[in-house]
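First comes the structure, then the notes that go with it.
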Amino acid sequence: MIGKKIMLLFLLGAFLGQAQAIAPKAKNVQKRMPENAVIAHRGTVYWAPELTEAAFRWARNAGADYVELDVQRSKDGVLVIMHDRNFSRTTDVAKKFPGREKDYIDTFTFEEIMKLDAGTTFNEKNPEQARACFASEGVLTFEDVFRIAEGKKIKRNADGSRVYHKDASGKYVFEYEKDGADNGHRPGVYIETKVPEFYPGLEEQVYEELSRMGWNPLEGKASAGPFYKNGKVNIGNTKGKILVQTFSRKGMTNLKRVFKEDVLTSFLVSNPKSNEFEKPEVMDEIIGFAIESGAQFIGTNIGDSNDGLAPAFSEKIHVAGLKANVYSFNTNEQMEKYFGTAKGAKARPLLDGMITNRTDLTTSFYHNRGVRKIKPTQTPETILDELGYPL
């Protein structure tokens, strides 16, 4: 039955004029991610300040399969979690460092970065989700997110500052403690690296940090599954515990070199504001590069007039043996557009996984469609309350 399906896909590919297909090795690696994965975009941008401890603790306890982050680097070499090239949108950098609000991340030392408030701006922009305690949220390190995924939280002094010291070589050593509110979910981590020209050697540094933390699937022991265990997400304990993605073509080439095509990778594409993206040759070129770089996934955006995953593109992606994870969902209407209305085995979605700002909605959506056993058992607000973020 499986052989017949593969043959049909091959014939369909030939019919469409697309002979491209991912290698058997890439197909095997691809299986390390569950179908219909729920990927928590920046933890959440809706219920808590994005890319903060509150956002990632919430996403973990809400049952996300993966928590997604953007990694950059400080002036003194610390891997920090921030989406933008500067701190102006999400922190009080203009207040703490007047005149430097547009300066790039890598012009700040981590000592300076630790002074930033990454929560007040969220409260001001989102009064309905605001919680006074978010004002104490700070910018995270790369390691922070993995320790949160393990069920820990940042260890803090009485004044709320984080506990750390520097070793003999001058490197930061951060401390963590068991999170008393951890509910047992163990998500994987979905890593986005930035343009290599900004941070030479970033991919190697990410590899080394993953090894040091015990999160590198190429080193140590990791099981093939199960993805879910005793009603909890277990992906963080499997070979699919990380995925690395980037918009950069040079970055994809670097990932192929560093990770030997043996971890989950995704080539991110941003849909241009023209119909160029609808041309078959443009779609074929994107797919061809993704295959060449060893990726198993293509990441693209939701849209209306500029749709990042139109049916024709979805078909080409799947005929090539690739899968599509789409960013970033906020409503059930958006989810239905890319998944359809069918349930269970009858469903034939355009996408394979959702990168979502609303893990709560997406886990419920997949459960209601009969393709996810685990469902939310608490409201988003209750999770925040139990994590120690009261209104």
Side-chain angles (χ1 to χ4, degrees), residues 2 5-33 35-37 39 68 190-193 195-196 203 240 243-303 305-328 337-340 348-355:
I2 294 175
K5 185 176 181 182
I6 291 173
M7 179 58 71
L8 287 172
L9 287 173
F10 176 80
L11 292 173
L12 180 58
F15 175 75
L16 294 173
Q18 177 180 299
Q20 308 174 94
I22 65 173
K25 179 180 179 180
K27 198 68 178 175
N28 287 333
V29 174
Q30 187 185 72
K31 294 175 184 177
R32 298 176 188 172
M33 178 176 286
E35 297 290 337
N36 305 302
I39 303 144
E68 188 263 354
Y190 213 88
I191 305 162
E192 181 179 337
T193 60
V195 180
E203 295 84 4
L243 177 143
V244 192
Q245 64 178 4
T246 183
F247 283 100
S248 166
R249 293 194 174 216
K250 182 177 180 181
M252 286 300 300
T253 301
N254 290 345
L255 293 176
K256 180 178 180 179
R257 183 189 73 250
V258 172
F259 287 97
K260 313 300 182 187
E261 300 182 64
D262 204 23
V263 300
L264 293 165
T265 54
S266 177
F267 177 44
L268 287 167
V269 293
S270 182
N271 190 20
K273 297 178 180 178
S274 73
N275 62 3
E276 286 292 307
F277 198 70
E278 298 176 1
K279 295 180 179 179
E281 62 269 26
V282 173
M283 293 185 281
D284 287 346
E285 194 281 328
I286 290 170
I287 290 169
F289 176 79
I291 293 171
E292 180 187 346
S293 64
Q296 310 89 27
F297 293 83
I298 285 179
T300 187
N301 61 299
I302 64 173
S305 58
N306 296 301
D307 194 344
L309 192 68
F313 192 26
S314 174
E315 184 174 46
K316 282 180 171 288
I317 288 170
H318 290 106
V319 165
L322 291 159
K323 292 187 176 183
N325 292 332
V326 179
Y327 63 92
S328 47
K337 175 182 176 180
Y338 292 91
F339 190 87
R348 294 291 182 270
L350 297 177
L351 50 61
D352 299 281
M354 296 189 191
I355 303 172

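Atom CG of Leu255 sits about 9.5 Å away from atom CG of Leu243, to the nearest 0.5 Å. Thr300 contributes atom OG1, which lies 9.5 Å from atom CD1 of Ile355 (distance to the nearest 0.5 angstrom). Atom OG1 of residue Thr265 and atom CD1 of residue Ile298 lie 11.0 Å apart, to the nearest 0.5 angstrom. Atom CZ of residue Phe313 and atom CG of residue Asp284 lie 9.5 Å apart, to the nearest 0.5 angstrom. Residue Lys250 holds its NZ atom at 15.0 Å from CE of Met252, rounded to the nearest 0.5 Å.
Minimum heavy-atom separation, Gly251 to Thr246: C-CG2, 3.8 Å. Between Phe267 and Ala295, the shortest heavy-atom distance links the atoms N-CB, 4.2 Å. Ile22 approaches Gln30 most closely through the heavy-atom pair CD1-NE2, 4.0 Å. Minimum interatomic distance between Pro196 and Glu203 (heavy atoms only, all atoms of both residues): CG-OE2, 3.9 Å. The two residues Leu264 and Gln296 have their closest heavy-atom pair at CA-OE1, 3.1 Å. Nearest heavy-atom pair across Val269 and Tyr327 is O-OH, 3.2 Å.
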Worksheet item: Does the pair Asn325 and Met33 meet the rule for a side chain to side chain contact (heavy atoms under 4.5 Å, CB included), with working shown?
Response: CA-CA 11 Å; Asn325 292 332; Met33 178 176 286; 3.7 Å; yes
Worksheet entry | Derivation and outcome, side chain to side chain contact (heavy atoms under 4.5 Å, CB included), residues Gln20 and Lys316 | CA-CA 9 Å; Gln20 308 174 94; Lys316 282 180 171 288; over 6 Å; no
Item to complete: Could you give me the CA-CA distance, side-chain angles and deciding distance for Lys256 and Thr253, then say whether side chain to side chain contact (heavy atoms under 4.5 Å, CB included) is met?
Response: CA-CA 5 Å; Lys256 180 178 180 179; Thr253 301; 5.7 Å; no
Worksheet item: What's the verdict on side chain to side chain contact (heavy atoms under 4.5 Å, CB included) for Val29 and Asp262, showing C-alpha distance, side-chain angles and the deciding distance?
Response: CA-CA 7 Å; Val29 174; Asp262 204 23; 3.8 Å; yes
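When the side-chain hydrogen bond (donor to acceptor under 3.5 Å, both in side chains) test is applied to Tyr338, the partners found at least two apart in sequence or on another chain are Asp307. Applying the side chain to side chain contact (heavy atoms under 4.5 Å, CB included) rule to Asn36 yields the partners Phe339, Tyr366, Val371; only residues at least two apart in sequence or on another chain are considered. In this view, Arg257 and Glu204, Asn254 satisfy the side-chain hydrogen bond (donor to acceptor under 3.5 Å, both in side chains) rule, not counting sequence neighbours. In this structure Glu285 satisfies the salt bridge (charged side-chain N to carboxylate O under 4.0 Å, His left out) test together with Arg249, sequence neighbours excluded. Annotation: ring pair (Phe, Tyr, Trp, His ring centres under 6.0 Å) contacts of Phe297 (sequence neighbours excluded): none. Asn28 is linked by a side chain to side chain contact (heavy atoms under 4.5 Å, CB included) to Lys31, counting only residues two or more places apart in sequence or in another chain. Partners of Glu192 by salt bridge (charged side-chain N to carboxylate O under 4.0 Å, His left out), not counting sequence neighbours, listed by chain and number: Lys194. Listed by chain and residue number, nothing satisfies the side-chain hydrogen bond (donor to acceptor under 3.5 Å, both in side chains) test with Glu261 (two or more places apart in sequence, or in another chain). Evaluation of the ring pair (Phe, Tyr, Trp, His ring centres under 6.0 Å) rule for Phe247 yields no partner, not counting sequence neighbours. Taking the side chain to side chain contact (heavy atoms under 4.5 Å, CB included) definition, one finds that Ala324 meets it with Leu309, Ile317, Asp352, sequence neighbours left out. Not counting sequence neighbours, the partners of Ser314 by the side-chain hydrogen bond (donor to acceptor under 3.5 Å, both in side chains) test are His318.
Using a 4.0 Å cut-off between charged side-chain N and carboxylate O, Glu35 and Lys323 make a salt bridge.
Looking at Asn301, its side chain never comes within 3.5 Å of a backbone N or O of Ser270 through a donor-acceptor pair. Listed for the Ser266 side chain is a donor-acceptor partner under 3.5 Å among the backbone atoms of Gly299.
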